[in-house]
Student: 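The following block contains the structure, expressed as structure tokens.
In the text below, chain A, chain B and the rest are named by the order of the sequence lines, each starting its count at 1.
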Protein chains: 2
Amino acid sequence: MRAVSIGAVAKATGVKVPTIRYYEDVGLLPVADRTDSNRRTYDAATISRLRFIRHARDLGFAVEAIRQLLDLSDQPDRSCQEVDSIARLHLADIDEKIARLTALRAEVKRMVDDGEHGRVAECRVIEVLGDHTACLHEAH
Amino acid sequence: MRAVSIGAVAKATGVKVPTIRYYEDVGLLPVADRTDSNRRTYDAATISRLRFIRHARDLGFAVEAIRQLLDLSDQPDRSCQEVDSIARLHLADIDEKIARLTALRAEVKRMVDDGEHGRVAECRVIEVLGDHTACLHEAH
DNA sequence: CTAAATGCTCAAGCGACTAGAGGATCAAGT
DNA sequence: ACTTGATCCTCTAGTCGCTTGAGCATTTAG
């Protein structure tokens with residue numbers, strides 16, 4: 001299972017073929033090895049990396065943040081302070097995202113539950129994300 | 001505190017002035033009332049709505065998904081099945097996002113903790129989001 | 001009553017893809 | 001061996017969701 005094609009990687013990860021090439025262009029993926037006929041080939045590590053990128057993007061992380069997280073992973077022996085400050089920053093961001101998603105989840109769930117017993121009484125989706133969590137996020 | 005300017009709304013929500021106008025253009029915000037001199041004015045409801053949009057975008061929801069969630073909120077007396085199916089869809093998505101964020105959080109946390117006792121031993125950020133949760137997400 | 005701040009519109013730019021044209025190469029069946 | 005369809009390549013252009021800037025009007029603070 002060594003050195004698979006870009007199409008196989010696309011199937012394995014759910015990332016479209018042109019997007020994989022794009023990630024290579026912008027340096028999120030290493031420049032791929034090529035066959036004699038100039039086709040890209042990939043190994044398991046790149047597939048994992050790609051899956052990570054996909055999920056992280058899906059979760060709303062900017063490409064730059066992903067680049068930093070990947071760098072942490074690429075150079076596990078970097079200085080403590082550096083890793084620590086970058087990681088802590090993302091940790092705070094992740095915690096905030098989880099808090100907001102949990103609040104949103106509760107509200108959408110309530111709407112679903114209400115829906116089963118007739119009609120939706122009130123929808124507070126806006127309030128739950130809009131105001132409730134505003135205090136977590138003063139200066140951005 | 002009735003009818004504030006676009007700049008005040010921008011300050012209150014952290015959404016930039018041109019972005020607010022953009023949201024009006026694409027229909028996420030209602031067309032704003034204007035003063036005699038053609039300036040937009042906003043009320044509290046729009047500010048909440050805007051905060052919701054901002055947080056939801058931040059969490060990686062597509063504009064179309066946000067539009068649907070806002071519609072649920074706008075028309076709380078729609079048919080049960082409709083609300084239910086839309087909400088359930090988003091609920092599943094939200095649950096997945098929470099699961100992935102929680103996994104990522106644990107790994108980044110571990111890196112921070114390791115960092116305090118010397119150097120970062122291993123970084124498994126990629127594995128944690130890349131493979132661990134792949135099974136939750138076969139067909140997208 | 002000015003001068004800085006804020007607002008308006010419109011047009012262009014940017015980040016992160018996405019789609020399409022045009023052409024080479026591979027893999028499978030006959 | 002040959003063809004035909006899938007997959008690959010590069011390159012250009014388009015889309016989405018903003019962001020920036022030009023040029024001009026209005027408001028507000030000193």
Side-chain angles (χ1 to χ4, degrees), chain A residues 1-43 46-47 49-70 93 129 137 140, chain B residues 1-43 46-47 49-70 129 140:
Chain A
M1 220 267 206
R2 297 228 114 217
V4 303
S5 72
I6 196 170
V9 173
K11 241 164 230 161
T13 60
V15 179
K16 289 175 186 167
V17 168
T19 307
I20 297 173
R21 292 197 275 249
Y22 169 76
Y23 285 154
E24 182 181 328
D25 282 355
V26 299
L28 281 185
L29 290 180
V31 173
D33 288 341
R34 302 285 184 128
T35 66
D36 290 351
S37 62
N38 199 36
R39 293 174 172 216
R40 291 172 181 83
T41 61
Y42 298 91
D43 56 14
T46 307
I47 295 177
R49 193 180 178 96
L50 191 49
R51 257 198 268 262
F52 172 81
I53 297 169
R54 179 182 187 281
H55 288 306
R57 289 288 303 132
D58 215 34
L59 290 168
F61 289 93
V63 162
E64 191 46 41
I66 296 172
R67 207 187 297 275
Q68 287 185 3
L69 289 170
L70 286 172
D93 185 37
L129 264 198
H137 214 58
H140 205 48
Chain B
M1 219 264 207
R2 296 231 115 215
V4 303
S5 72
I6 196 170
V9 173
K11 241 163 232 162
T13 59
V15 180
K16 289 175 183 164
V17 169
T19 308
I20 298 173
R21 292 195 276 247
Y22 169 76
Y23 286 153
E24 181 180 328
D25 282 355
V26 300
L28 281 184
L29 289 180
V31 173
D33 288 343
R34 302 286 184 126
T35 64
D36 290 352
S37 63
N38 199 37
R39 297 181 166 208
R40 291 172 180 82
T41 62
Y42 297 90
D43 56 14
T46 307
I47 295 176
R49 192 180 180 96
L50 192 48
R51 255 199 267 264
F52 172 81
I53 296 170
R54 178 181 187 281
H55 288 307
R57 290 288 303 133
D58 215 35
L59 290 168
F61 288 93
V63 164
E64 191 44 43
I66 296 172
R67 208 187 295 275
Q68 286 184 1
L69 289 170
L70 285 172
L129 263 199
H140 202 48

Student: Please step through side chain to side chain contact (heavy atoms under 4.5 Å, CB included) for the pair B:I47 and B:T13, ending with a clear verdict.
Tutor: CA-CA 7 Å; B:I47 295 176; B:T13 59; 3.7 Å; yes

Student: Tell me, for nucleotides 17-29 of chain D in 5' to 3' order, what letter each nucleotide earns: B for a base near a protein heavy atom under 4.0 Å, S for only sugar-phosphate near one, - for neither?
Tutor: BBSB----BBS--

Student: Quick check on side-chain contact (heavy atoms from CB on, under 4.5 Å): which of A:L50, A:L28, A:I53 does A:I20 satisfy it with?
Tutor: A:L50

Student: Write down the distance between CZ (B:R34) and P (C:dC8), rounded to a whole number of angstrom.
Tutor: 6 Å

Student: Where do B:T41 and B:A3 come nearest, in terms of heavy atoms and distance?
Tutor: CB-CB, 4.0 Å

Student: Could you check how far CG of B:D33 sits from P of C:dC8, rounded to whole Å?
Tutor: 13 Å

Student: Any side-chain N or O of A:R40 under 4.0 Å from OP1/OP2 of D:dC8?
Tutor: no

Student: Quick test of your reading of the model: are A:R67 and A:E64 salt-bridged, counting only N-O distances below 4.0 Å?
Tutor: yes

Student: Round to the nearest Å and state the distance from B:I6 atom CD1 to C:dA5 atom C1'.
Tutor: 15 Å

Student: Return the value, rounded to whole Å, for the distance between atom CG of A:N38 and atom C1' of D:dC11.
Tutor: 14 Å

Student: One pair to check against side chain to side chain contact (heavy atoms under 4.5 Å, CB included): A:R34 and A:R39. What are the steps and the verdict?
Tutor: CA-CA 5 Å; A:R34 302 285 184 128; A:R39 293 174 172 216; 6.0 Å; no

Student: Grab the CD-C1' distance between A:E24 and D:dC8 for me, whole Å please.
Tutor: 13 Å

Student: Between B:I20 (CD1) and C:dT6 (C1'), how many Å, whole number?
Tutor: 13 Å

Student: I'd like to know if the side chain of B:R51 and the backbone of B:A12 have a donor-acceptor N/O pair within less than 3.5 Å.
Tutor: yes

